[in-house]
Amino acid sequence: MVTTLSAEQIARYKRDGYLSPLRIMSNDEATRRRRRFEALEASLGEGNDLPRPLRQYLRINAHVVLGMAVELARDPRILDAIEGVIGPNILVWGCEFFVKEANTPNVVSWHQDLTYWGLGETDHEVTAWLALSPATSESGCMRFVAGSHQSRIVRHNDTFADDNLLSRGQEIAVDVDEADAVHAALQPGEMSLHHGRMFHASGPNVSDDRRIGVAVRYLTTEVKQQVAARDYAMHVRGVDRERNFIGLAGPARDFEPSALALYEQILKDQSAALSEGAEQNLEFYEVEA
Ligand SMILES: O=C(O)CCC(=O)C(=O)O
């Protein structure tokens with residue numbers, strides 16, 4: 001499987017702000033990873049002893065507490081593609097499992113990722129979204145507006161809508177014409193890449209299967225946190241001369257006490273960036289029960 005991007009793919013990413021689909025692993029391998037993920041959900045779901053609900057740890061900064069997330073974030077096949085678009089010195093800033101249960105109304109409203117991260121309007125960032133189950137128009141795959149990353153960050157309104165998977169239910173204040181949207185359907189083992197200023201959204205899952213994807217947020221070592229006093233990242237390729245982030249190694253064991261304590265510290269520190277401009281006092285990165 002060739003995961004190094006061609007010059008044509010890199011040019012297309014620069015022009016459109018996304019690239020999809022890219023096959024990273026076989027359907028069988030992705031399905032095995034899905035089963036592992038689901039076994040973890042079954043063993044650590046309701047009634048576990050974790051300080052927060054499992055879905056919180058899966059949805060935000062999973063790489064801080066979960067080996068499976070670190071393994072994916074460090075996967076050389078993914079990093080080869082990432083290197084093509086942001087260069088050789090790479091950090092992981094975030095890792096999030098986005099799960100839409102079968103036949104559920106949860107959506108992701110139109111937004112630009114960089115809006116609330118405190119990282120500025122940087123081009124030195126990219127998200128890899130890897131499908132562990134089919135992500136189709138029916139199951140609520142992502143939709144992209146090609147070329148929208150060339151705009152600056154536009155105004156977003158907080159909706160706090162119940163069926164929105166984003167922390168503030170944030171949505172772009174300008175109208176997005178659905179006719180311009182490209183549906184990025186992915187089979188298990190395929191991934192898309194998207195730029196942090198890309199206008200993107202996803203619909204409800206009206207299929208009979210779960211839609212499970214993992215989004216890894218990659219930065220170059222040059223990026224700086226501009227709002228929060230401190231921020232954290234995991235160095236995964238090349239050299240980190242700048243050391244703009246506090247380094248993360250990943251947990252030695254899933255949910256070990258030191259990782260859980262670090263998780264809390266990171267939420268607290270990153271909240272300063274995410275809460276900027278919010279009209280409502282949020283328990284940041286809190287995932288609805
Ligand atoms: O998983 C989804 O539907 C949305 C994911 C997303 O917005 C992102 O990865 O930036």
Side-chain angles (χ1 to χ4, degrees), residues 1-6 8-10 12-13 16-42 55 58-59 62-63 66-86 90 92-102 104 106 108 113 126-144 146 165 182-195 198 200-218 234 236-237 250 254:
M1 213 165 287
V2 180
T3 55
T4 304
L5 300 183
S6 66
E8 185 278 325
Q9 285 173 310
I10 295 169
R12 198 144 42 87
Y13 173 82
D16 295 340
Y18 77 94
L19 207 52
S20 180
L22 298 169
R23 175 140 311 272
I24 290 299
M25 59 184 69
S26 67
N27 194 315
D28 280 358
E29 180 183 340
T31 304
R32 279 197 303 280
R33 289 180 188 271
R34 171 188 178 162
R35 298 294 170 228
R36 227 173 113 197
F37 175 81
E38 290 181 325
L40 179 94
E41 286 179 307
R55 65 184 157 276
L58 297 177
R59 178 62 183 77
H63 61 306
L66 190 61
M68 188 189 310
V70 177
E71 218 179 272
L72 284 169
R74 288 186 176 279
D75 191 307
R77 297 165 293 186
I78 299 179
L79 291 175
D80 286 346
I82 298 302
E83 185 167 343
V85 296
I86 62 170
I90 305 175
V92 169
W93 181 74
C95 181
E96 311 171 37
F97 287 88
F98 278 95
V99 179
K100 288 181 184 165
E101 299 299 340
T104 51
N106 293 329
V108 171
D113 291 333
V126 62
T127 290
W129 198 103
L130 174 74
L132 297 183
S133 73
T136 59
S137 296
E138 215 194 357
S139 71
C141 66
M142 273 193 291
R143 307 196 298 285
F144 298 125
L165 288 180
V182 181
H183 289 234
L186 299 172
Q187 285 309 305
E190 291 180 334
M191 86 175 178
S192 58
L193 298 180
H194 71 266
H195 189 289
M198 162 64 52
H200 63 293
S202 68
N205 183 357
V206 295
S207 81
D208 293 332
D209 193 8
R210 312 177 78 196
R211 194 221 63 170
I212 306 172
V214 58
V216 187
R217 319 294 184 182
Y218 293 98
M234 184 179 288
V236 290
R237 188 170 273 191
D254 287 351

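None of these values were measured; they are calculated from a predicted model.
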Could you tell me which residues satisfy side chain to side chain donor-acceptor pair (under 3.5 Å) with D208, sequence neighbours excluded, listed by chain and number? N103
side-chain contact (heavy atoms from CB on, under 4.5 Å) between C141 and L186, intermediate numbers included: CA-CA 7 Å; C141 66; L186 299 172; over 6 Å; no
Are S202 and K100 packed together at the side-chain level, in the sense that at least one heavy-atom pair is separated by less than 4.5 angstrom? yes
Is it true that R34 and E41 have a side-chain N and a carboxylate O under 4.0 angstrom from each other? no
Output for pair (T31 OG1, R36 CZ), nearest 0.5 Å, gives 14.0 Å
Do you know which two heavy atoms are closest between A30 and A131, and how far apart they sit? CB-O, 4.0 Å
Under the rule for salt bridge (Lys or Arg N to Asp or Glu O under 4.0 Å), what residues qualify as partners of E138, not counting sequence neighbours? none
Flag side-chain contact, heavy atom, 4.5 Å: L22 against Q9: yes
Which residues pass the side chain to side chain donor-acceptor pair (under 3.5 Å) test with Q187, sequence neighbours left out? none
Side chain proximity check, V216 to C95, heavy atoms < 4.5 angstrom: yes
T104 and N106 side chains, donor-acceptor separation under 3.5 Å: no
L193 and Y13, any side-chain heavy atoms less than 4.5 Å apart: yes
Between CE of M198 and OG1 of T127, what distance do you get to the nearest 0.5 Å? 11.0 Å
Taking the six-membered ring for Trp, are F97 and F37 ring centroids under 6.0 Å apart? yes
Under 3.5 Å side-chain donor-acceptor pair for H195 and D113: no
Can you name the side-chain contact (heavy atoms from CB on, under 4.5 Å) partners of R74, sequence neighbours left out? V70, M234, V236
D16: what forms a salt bridge (Lys or Arg N to Asp or Glu O under 4.0 Å) with it, not counting sequence neighbours? none
For V85 and L5: C-alpha separation, side-chain torsions, deciding distance, then whether side-chain contact (heavy atoms from CB on, under 4.5 Å) applies. CA-CA 8 Å; V85 296; L5 300 183; 3.7 Å; yes
Rounded distance [0.5 Å steps], CG in L165 versus CZ in R59: 6.5 Å
Could you check whether any side-chain heavy atom of S192 comes within less than 4.5 Å of a side-chain heavy atom of P21, counting everything from C-beta outward? no
Using the salt bridge (Lys or Arg N to Asp or Glu O under 4.0 Å) criterion, which residues pair with D80? Sequence neighbours excluded. R237
If you round to the nearest 0.5 Å, how far is CE of M68 from NE2 of H63? 15.5 Å
From CA spacing to verdict: side-chain contact (heavy atoms from CB on, under 4.5 Å), Y218, I86: CA-CA 9 Å; Y218 293 98; I86 62 170; 4.1 Å; yes
Working to the nearest 0.5 angstrom, can you tell me the gap between L40 CG and L66 CG? 5.5 Å
Taking all atoms of both residues into account, what is the closest heavy-atom pair of R12 and L19, and its distance? NH1-CD1, 3.7 Å
R217 vs E96 side-chain heavy atoms within contact, under 4.5 Å: yes
Say you draw a straight line from OG1 of T136 to CG of N205; how long is it, rounded to the nearest 0.5 Å? 7.5 Å
Shortest non-hydrogen pair, L130 vs M25, comes out as CD2-CE, 3.9 Å
Any side-chain heavy-atom pair of V126 and I82 under 4.5 Å: yes
Determine, for R33 against E71, whether the closest basic-nitrogen to carboxylate-oxygen distance falls under 4.0 angstrom. yes
If only side-chain N and O atoms count, and only distance matters, is there a donor-acceptor pair under 3.5 Å linking R210 with S133? no
Report yes if the side chains of H194 and M142 come closer than 4.5 Å at any heavy-atom pair, otherwise no. yes
Heavy-atom donor-acceptor pair, S207 side chain to S139 backbone, under 3.5 Å: no
Stepwise side-chain contact (heavy atoms from CB on, under 4.5 Å) test for H183 and F144: CA-CA 7 Å; H183 289 234; F144 298 125; over 6 Å; no
Over all atoms of both residues, closest heavy-atom pair of A81 and M191: CB-CE, 3.7 Å
